[in-house]
Amino acid sequence: MSAPVTAGASAAAAEPSLTPVFVRLKLSLLRNGLRQSSGRTAAFVASLVVVLLIAAFMVLGFLLLRGHEAAGAVAVLTTGVFGLGWAVLPLFLPSGDETLDPSRLVMLPLRPQPLVRALLVASLVGTGPLFTLCLAVGAVAAVAHGTAAAVLAVLAVPLVLMVCVALSRAIATANVRLLSSRKGRDMALLSGLLIALGIQAVNFGAQALGRTGDLSVLDTAASVVGWLPPASAVAAVDSAADGDLVLAGARLLLAVVALAALLWWWRRSLVRLMVEPDGSTIGAAPDTVKDPAAGRGLLARLLPGGRTGAVMERCFRYIWRDPKTKASWVSALAVGALVPLFNAFQENGSVYWACFASGMLGVQMFNQFGQDSSAFWMVAQTISFPQDAYAELRDRAYVMTAITVPFTVVVAVATTAATDGWTQLPEVFGLSFALLGAMLALGVVTSVRYPYGIPQDSHRNVAPGQGGMAIAAIFGGMFGGPLLCGPLIGLLVWLRVSGHHGLLWLLLPLGVAYGALLLWGALRLMSGRMARQLPEILAAVSKG
C-alpha cells in the first residue's frame with residue numbers, strides 16, 4: 001500500500017507551480033495588447049510615466065515630512081485612504097485584466113490554494129501595485145527612527161502592499177457574480193455614487209485643513225485609523241520609533257492577521273464561485289409576451305425621425321439600461337453639480353466653478369463606441385461613406401448636448417446664485433459652453449482614434465491591455481479641454497485687466513459659437529477616418 005502513496009506524493013511534488021504561469025500570462029496579455037497599435041503603447045508609456053512622477057513626488061513629500069510632529073498622522077491616514085481605495089475603486093474604475101477574473105477559470109481543474117497564491121503574485125504586477133509600493137516606502141521612511149523601527153519598516157512595506165492587493169481581490173471575487181449581473185450592477189450604482197461623494201468630502205476636508213494649517217487635528221483620526229489594516233502596519237513603525245514596542249507589535253500583528261483573514265476569505269469565495277451554480281441572473285419566465293412596439297413611448301415621439309431619431313433613441317436607452325453607462329452618468333451628474341456648489345459656498349468660492357460641470361459631463365463623450373461592445377458591427381453595417389460616419393457621430397453628439405446643455409445651465413445659475421455673482425452669468429455661460437464644445441470635440445477624436453472595449457460579463461470597465469489607453473484618453477481630455485479654450489480664457493482675462501467690463505457679455509455668444517465650431521470641426525475631421533477604420537474600431541470595442 002505504500003507504493004501508491006509514495007507515487008502520489010511524488011506526483012504532487014512534481015506538479016508545476018501555477019504562479020509563474022499566471023505571471024507570464026499577465027505579461028503576455030499586456031505585451032500583446034501593446035503590440036496592437038503604437039497609440040496604445042504611447043498611452044501606456046505616458047500613463048506609466050505619470051504614475052511614476054506622482055509616486056516620486058509623494059515619496060519626496062514623505063521624506064520632507066520626516067521629523068515633523070505630524071509625520072506619523074499623515075503617513076497613517078494616507079495609507080488608510082489608499083487601503084480604502086484598493087477596496088472600492090477597482091470595482092468601478094478601469095483596472096485589472098482577465099487573469100484576475102476568477103469567473104474565467106471556473107472550467108479549469110485548479111485547486112483553490114495554489115490558485116490564490118498564483119493570483120496574488122500576478123496581482124502584484126502592474127502600475128497600481130508599483131504606486132502602492134512607493135507609497136508604503138515613503139510612509140515608513142517618514143516615521144522610521146531607530147533600529148527597532150527600521151526592522152519593522154522592512155516588514156511593514158510588503159505587508160501594506162499584500163493587504164491592499166488581497167483586500168481588493170477578495171472583495172472583487174466575493175462580488176463578481178453580483179457585479180456581473182444587471183441587477184447587481186444597478187445596485188452598485190448607488191455604491192459608486194456614495195464613493196464619488198465620499199471622495200469629494202475628503203477633498204473639502206483637505207481644503208479646510210489647508211486653510212487652518214494646523215496638522216495636529218489629524219492625530220485623533222490617525223489614532224483610530226492606526227488600528228485598521230493596512231494603516232496599522234505603518235502605525236506599528238511609528239509606535240516603534242516612539243519606543244512603544246508592545247503597541248508596535250500589536251499593530252503589526254493585526255495587519256498579519258488581517259492578511260491571513262483576507263486570504264482565507266478569498267479562498268472561500270473562489271471555492272464557492274467555482275463549485276456552486278450561478279442563479280443570480282435566472283429569472284422567472286414572463287406570463288405574456290409584450291408587443292415590441294409597446295416600448296416606443298414618449299421618448300420615440302419626442303425624437304426626430306429617420307436615422308437621427310434611431311441613433312438618439314439607441315443612445316438614450318444605453319444610458320438608461322446599461323448599468324455601467326448609467327453608473328458613469330449618475331456619478332458625473334452628481335459630482336458635476338456638488339463640486340461647484342460646495343466650492344461656491346466656501347469663503348473663496350468662485351462663480352467659475354460652474355465650468356467644472358461641463359468638464360465632467362464632457363468626458364461622457366469619450367469612447368462612444370465602447371458601450372456598443374460587439375453589437376457595434378450592426379452600426380458598422382450602416383456606414384459606407386464619410387457622410388454616414390458624420391451622421392452617426394453627429395447624432396451621438398446630439399444626445400450628449402440634449403443632456404449636458406440643460407444641466408450646464410442649471411449648475412451655472414445655481415453657482416451664480418450661491419456666490420451672488422449675477423453680473424458674471426453671461427461670461428460663465430460662455431466659458432461653460434466653450435469648454436463643453438471642446439470636451440465633446442475631444443470625445444469625438446478619441447472615440448475614433450483610440451476606441452477600447454468595455455467588458456459586458458465582468459465588473460471591469462476596460463478590456464485587457466487597454467487600461468493605459470483609457471486613462472490617457474481621460475487625462476488628455478482633462479487637460480486638452482481647457483487648452484482648447486485658451487483663446488476665450490485669454491479674452492476674458494484681457495477684458496478684466498483692461499477694464500472693459502461692459503464687453504464681457506460678448507463671451508456668451510462667442511463661447512457658444514466657439515464650442516459649436518470645435519465640435520463641427522472634430523466631426524468633419526473624424527468622419528472620413530471613422531469610415532476608413534471601421535474594422536479596427538470594431539476589433540477594439542469587441543474585446544469587451
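Computed from a predicted model, the values in this text were never measured in an experiment.
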field: Distance, nearest 0.5 Å, that separates OG1 of T408 from CG of L435
entry: 8.5 Å

- request: Please identify each residue that fulfils salt bridge (Lys or Arg N to Asp or Glu O under 4.0 Å) with E427, with sequence neighbours left out.
  value: R496

field: Rounded distance (nearest 0.5 Å) linking atom CD of E392 with atom CD of Q387
entry: 14.0 Å

message: Centre-to-centre under 6.0 Å for F82 and F131, is that the case here?
response: yes

- line: Paired with V137, the side chain to side chain contact (heavy atoms under 4.5 Å, CB included) test is passed by just one of V160, V157, L161, namely V157

- prompt: Do you know which two heavy atoms are closest between V448 and P451, and how far apart they sit?
  reply: O-CD, 3.5 Å

- request: Output the distance between atom CD (Q368) and atom CG (L440), rounded to the nearest 0.5 Å.
  value: 9.0 Å

query: Looking at side-chain heavy atoms only, is the closest gap between M526 and Y390 below 4.5 Å?
result: no

task: Provide the closest heavy-atom pair for M530 versus A389 in the form atom of the first, atom of the second, distance.
output: SD-CB, 3.9 Å

message: For a side chain to side chain contact (heavy atoms under 4.5 Å, CB included) check, start with the C-alpha distance between H501 and L495, then their side-chain angles and the critical distance, and finish with the verdict.
response: CA-CA 6 Å; H501 295 177; L495 291 175; over 6 Å; no

- request: Step through the shown structure and confirm whether more than 12 heavy atoms of other residues, nucleotides or ligands are within 6.0 Å of CH2 on W505.
  value: no

- prompt: Can you tell which of L84, T78, L77 makes a side chain to side chain contact (heavy atoms under 4.5 Å, CB included) with V225?
  reply: L77

message: Contact between L492 and L504 at the side-chain level, heavy atoms closer than 4.5 Å - yes or no?
response: yes

task: Sequence neighbours left out, what passes ring-ring contact (aromatic ring centres under 6.0 Å, His included) with H500? Give chain and number order.
output: W494

field: Closest contact, heavy atoms only, Q364 versus S328
entry: OE1-OG, 2.7 Å

message: Main chain of M365, side chain of S447: is a donor-acceptor contact present, judged purely on distance under 3.5 Å?
response: yes

- request: With the side chain counted from C-beta on, respond yes when L534 and I383 share a heavy-atom pair under 4.5 Å apart, and no when they do not.
  value: yes

Verdict with supporting geometry, W86 and V163, side chain to side chain contact (heavy atoms under 4.5 Å, CB included): CA-CA 9 Å; W86 270 96; V163 169; over 6 Å; no

message: Under a 4.0 Å threshold between the charged nitrogen and the carboxylate oxygen, would R396 count as salt-bridged to D372?
response: yes

- prompt: Do L506 and L503 come within less than 4.5 Å of each other through their side chains, counting heavy atoms only?
  reply: yes

Review item, side-chain donor-acceptor pairs of residues 470-491, under 3.5 Å, at least two apart:
none

message: Walk me through whether T308 and R394 qualify under side chain to side chain contact (heavy atoms under 4.5 Å, CB included).
response: CA-CA 9 Å; T308 299; R394 179 202 61 199; 3.3 Å; yes

statement: For Y452 and V541 the tightest heavy-atom approach is O-CG1, 4.0 Å

- line: Interatomic distance, CD@E313 vs SG@C315, rounded to 0.5 Å, equals 10.5 Å

message: Using every non-hydrogen atom in the two residues, find where G528 and P386 come nearest and quote the distance to one decimal.
response: CA-CB, 4.0 Å

query: What do the steps show when you test T325 against W320 for side chain to side chain contact (heavy atoms under 4.5 Å, CB included), and what is the final call?
result: CA-CA 8 Å; T325 305; W320 180 250; over 6 Å; no

Exam field: side chain S527 to backbone R524, donor-acceptor pair closer than 3.5 Å: yes

- prompt: Is W520 atom CH2 crowded by more than 12 heavy atoms from other residues, nucleotides or ligands, each under 6.0 Å away?
  reply: no

- request: For residues F356 and V411, determine if any side-chain heavy atom of one lies less than 4.5 Å from a side-chain heavy atom of the other.
  value: no

query: Can you name the closest pair of heavy atoms from F433 and V512 and give their distance?
result: CD1-CG2, 3.6 Å

- prompt: Any side-chain heavy atom of T419 within less than 4.5 Å of one from W353?
  reply: no

- request: Drop me the distance from R314's CZ to D395's CG, to the nearest 0.5 angstrom.
  value: 9.0 Å

message: To the closest 0.5 Å, what do you measure between CG (L525) and CZ (R449)?
response: 9.0 Å

- request: Ignoring hydrogens and angles, state whether a donor on the side chain of Q424 or T416 is under 3.5 Å from an acceptor on the partner side chain.
  value: no

task: Answer yes or no: is there a donor N or O on one side and an acceptor on the other, between the side chain of T446 and the main chain of G443, under 3.5 Å?
output: yes

query: Do F316 and I403 come close enough that some side-chain heavy atom pair is under 4.5 Å?
result: yes

- prompt: Is there side-chain contact between L133 and L124, with heavy atoms separated by less than 4.5 Å?
  reply: no

